[in-house]
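The analysis underlying the following values was restricted to heavy atoms, covering all of them including side chains, and did not include hydrogens, waters or symmetry mates. A quick note: this is a predicted structure, and the numbers were derived from the prediction, not measured.
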2 protein chains.
Amino acid sequence: MPAPDRNTTRYAHRHQRAVAAAAAVFADKGFHGASTRDIAEKLGIQQGSLYYYFKSKEAALEEVCLTALRDYVSHIESIASQPGKLEVKLQAAIAAHLATYEHNNEAMKVHNEQRLYLPKDRRKHLNALGSRYRQQLEGIFCEGVSTGQLRKDLDCHFTALSLIGLCNYWGIQLLRNAPLKTEDVTENCVDILLHGCLARHTGMPDTDTQTDTQVN
Amino acid sequence: MPAPDRNTTRYAHRHQRAVAAAAAVFADKGFHGASTRDIAEKLGIQQGSLYYYFKSKEAALEEVCLTALRDYVSHIESIASQPGKLEVKLQAAIAAHLATYEHNNEAMKVHNEQRLYLPKDRRKHLNALGSRYRQQLEGIFCEGVSTGQLRKDLDCHFTALSLIGLCNYWGIQLLRNAPLKTEDVTENCVDILLHGCLARHTGMPDTDTQTDTQVN
DNA sequence: GCTTTTTTCTATAAACCTATAGATTCTATA
DNA sequence: TATAGAATCTATAGGTTTATAGAAAAAAGC
């Protein structure tokens with residue numbers, strides 16, 4: 001077993017499937033609650049065979065988290081770098097965040113909930129990616145403030161983190177609550193974040209376009 | 001060991017300590033990652049002795065979650081039932097939510113992150129308490145809409161859930177980020193939630209009162 | 001078709017984990 | 001101080017877990 005680093009298409013493909021299986025099992029049972037046997041079973045192989053793809057269970061967790069973050073970060077970076085009206089950018093950022101949950105749901109959930117069970121040094125790479133995401137998002141807000149589209153007194157750092165918290169919350173809900181539509185959630189998040197809840201006294205008539213999102 | 005239900009002060013006290021120890025260990029290592037030996041160690045007793053206080057490890061998890069929720073729910077109910085201006089109520093609700101994290105941090109974290117590892121029937125009671133919390137919070141928003149203090153087109157259900165998500169996010173951050181001040185976070189949450197991020201075109205001058213909350 | 005490499009299998013060591021039973025030590029009270 | 005009951009200890013059964021090693025099967029290359 002001399003490190004299967006042959007970059008054959010075949011291996012890459014199978015390895016990817018193994019990561020996906022690990023993501024699904026970790027998402028369902030948690031890192032410690034899941035056994036390597038569970039993952040192997042989902043892949044249709046024997047427990048011992050799993051070690052052909054992962055050096056250890058911990059390495060599997062790390063890989064799952066990384067796959068989740070890579071998409072996530074590359075999306076926000078392309079959104080942040082393109083010029084455009086702030087409202088549109090923000091909407092795109094939220095939509096992308098939630099879409100990542102829609103397409104890569106298990107891995108994202110695992111990253112959020114299980115990442116801290118990795119030892120510190122294994123988390124370094126993850127932290128770096130996470131920081132990049134935060135910075136990009138914060139940058140969008142800062143830009144909005146400097147162009148006068150957002151309130152001058154806005155705490156961009158706090159707001160960016162809050163948005164991440166909000167999106168993660170709804171991302172998980174999307175996963176557990178099939179009837180929820182990603183577009184509706186996106187729209188609602190944008191709305192609250194931009195306009196807040198208070199009644200506006202601007203003289204403009206209320207546009208009564210409520211999209212009810214009954215969950216349970 | 002005929003069910004130690006003697007309601008002596010002594011037992012109640014020790015039992016409470018056992019729940020707190022379980023909360024701390026579960027919060028740190030997760031339900032499956034923590035062993036009964038870990039909990040016993042934290043209490044300064046032997047692993048087997050723990051079963052004097054808990055019928056099973058699962059029962060311990062259930063108790064931890066319940067202690068967290070009880071405070072949490074009773075607070076919101078007293079806030080929601082008292083009359084008062086909406087903004088004040090909302091501020092109180094957020095402050096109470098975050099305060100629960102401050103005082104009962106481990107148990108709250110465990111409830112959020114580990115609750116789903118309980119079997120469905122053991123979660124019934126928890127779900128009921130959670131629903132009560134949600135309803136009370138949603139009620140506060142609905143009241144605000146009907147009294148004209150909040151936008152008529154506000155989706156109260158969505159907003160209530162979002163606030164829960166937001167508070168849980170910041171609650172966890174408070175726990176991991178000592179320098180963060182609960183009052184600042186509360187203020188920032190209220191501000192964003194009520195006013196949103198957009199620059200206001202009301203003719204009122206901007207009150208530049210930014211409280212920066214640098215985290216990392 | 002034969003050889004080499006990749007992939008999977010089987011078997012197992014060594015550790016750990018929950019829960020229980022019965023013995024033992026503490027504590028309070030009469 | 002003697003005694004009942006509460007609290008803890010020790011020991012262990014029975015099971016699961018990760019990770020490794022070497023054999024076997026499958027796939028690829030020539």
Side-chain angles (χ1 to χ4, degrees), chain A residues 1-26 28-65 110 114 117-119 122, chain B residues 1-64 110 114 117-119 122:
Chain A
M1 274 119 275
D5 55 358
R6 283 207 43 166
N7 49 358
T8 59
T9 312
R10 185 181 158 80
Y11 178 81
H13 196 260
R14 293 236 140 195
H15 178 260
Q16 209 167 4
R17 274 198 28 188
V19 175
V25 174
F26 287 154
D28 187 36
K29 304 190 164 188
F31 175 63
H32 293 293
S35 70
T36 51
R37 159 169 262 107
D38 292 329
I39 301 172
E41 214 160 83
K42 172 145 287 199
L43 266 172
I45 62 178
Q46 292 299 108
Q47 183 266 335
S49 307
L50 205 64
Y51 286 77
Y52 181 67
Y53 294 109
F54 302 119
K55 229 190 84 195
S56 69
K57 191 183 167 188
E58 234 175 38
L61 175 57
E62 191 183 1
E63 287 206 56
V64 169
C65 291
V110 170
Q114 315 293 323
Y117 300 136
L118 286 172
R122 254 190 207 281
Chain B
M1 274 116 274
D5 53 0
R6 281 206 45 170
N7 50 356
T8 59
T9 311
R10 184 181 159 79
Y11 178 80
H13 195 259
R14 293 237 140 196
H15 178 261
Q16 210 168 1
R17 275 199 25 189
V19 175
V25 175
F26 287 154
D28 187 36
K29 305 191 162 189
F31 175 63
H32 293 292
S35 71
T36 52
R37 157 170 265 108
D38 292 328
I39 301 172
E41 215 161 82
K42 172 144 286 199
L43 266 172
I45 62 178
Q46 293 298 110
Q47 183 265 337
S49 306
L50 204 66
Y51 286 76
Y52 181 67
Y53 294 109
F54 301 119
K55 228 190 82 195
S56 69
K57 191 183 167 189
E58 234 174 38
L61 175 57
E62 190 182 2
E63 285 205 57
V64 169
V110 171
Q114 314 292 324
Y117 300 137
L118 286 171
R122 255 191 206 280

Would you check if the side chain of B/Asp28 reaches a backbone N or O of B/Val25 as a donor-acceptor pair within less than 3.5 Å? no
Pairwise side-chain contact, B/Glu41 with B/Gln46, heavy-atom cut-off 4.5 Å (strictly under): no
Could you state the OH-P distance from A/Tyr51 to D/dT18, rounded to the nearest angstrom? 6 Å
Picking from C/dT27, D/dA27, C/dT18, the nucleotide nearest the side-chain atoms of A/Arg10 would be D/dA27
Distance in angstrom units between A/Ile39 CD1 and D/dT17 P, rounded: 12 Å
So, the side chain of B/Lys42 versus the backbone of B/Ala20: is there a donor-acceptor pair under 3.5 Å, distance only? no
For D/dT12, the Watson-Crick or wobble partner whose two distances fall under 3.5 Å: C/dA19
Categorize A/Ser49 for me: base, sugar-phosphate, or nothing, with a 4.0 angstrom heavy-atom threshold over every strand shown. base
Nearest listed nucleotide, side chain of A/Tyr52, among C/dT8, D/dT18, D/dT8: C/dT8
Find the distance between CD1 (A/Ile39) and CZ (A/Phe26) and round it off to the nearest 0.5 Å. 4.0 Å
Heavy atoms under 4.0 Å, any strand shown: does A/Ala34 hit a base, just sugar-phosphate, or nothing? sugar-phosphate
Could you please name the option among D/dT8, C/dT18, C/dT7 that lies closest to any side-chain atom of B/Tyr53? D/dT8
A/Thr36 side chain near D/dT18 phosphate (N/O to OP1/OP2, under 4.0 Å): yes
For A/Phe54 and C/dT8, give me the distance from atom CZ to atom P, rounded to whole Å. 12 Å
With a 3.5 Å cut-off and no angle check, do the side chains of A/His32 and A/Gln114 form a donor-acceptor pair? no
Over how many whole Å does the gap from A/Gln46 atom CD to D/dA21 atom C1' extend? 16 Å
Nearest-angstrom distance from the residue atom NE2 of A/His32 to P of C/dC16: 15 Å
B/Gln47 side chain, from C-beta outward: closest of C/dA19, C/dT7, D/dT8: C/dA19
Using a cut-off of 4.0 Å on non-hydrogen atoms, how would the nucleic acid contact of B/Ala40 be classed: base, sugar-phosphate, or nothing? nothing
Send over the distance from A/Ile45 CD1 to D/dA26 P, rounded to a whole Å. 15 Å
Expressed as a whole number of angstroms, how long is the span from A/Leu43:CG to C/dT7:P? 14 Å
When you measure from the side chain of B/Arg14, which nucleotide among C/dT8, D/dA7, D/dT18 comes out closest? D/dA7
What's the CZ-P distance between B/Arg37 and D/dT16, to the nearest Å? 20 Å
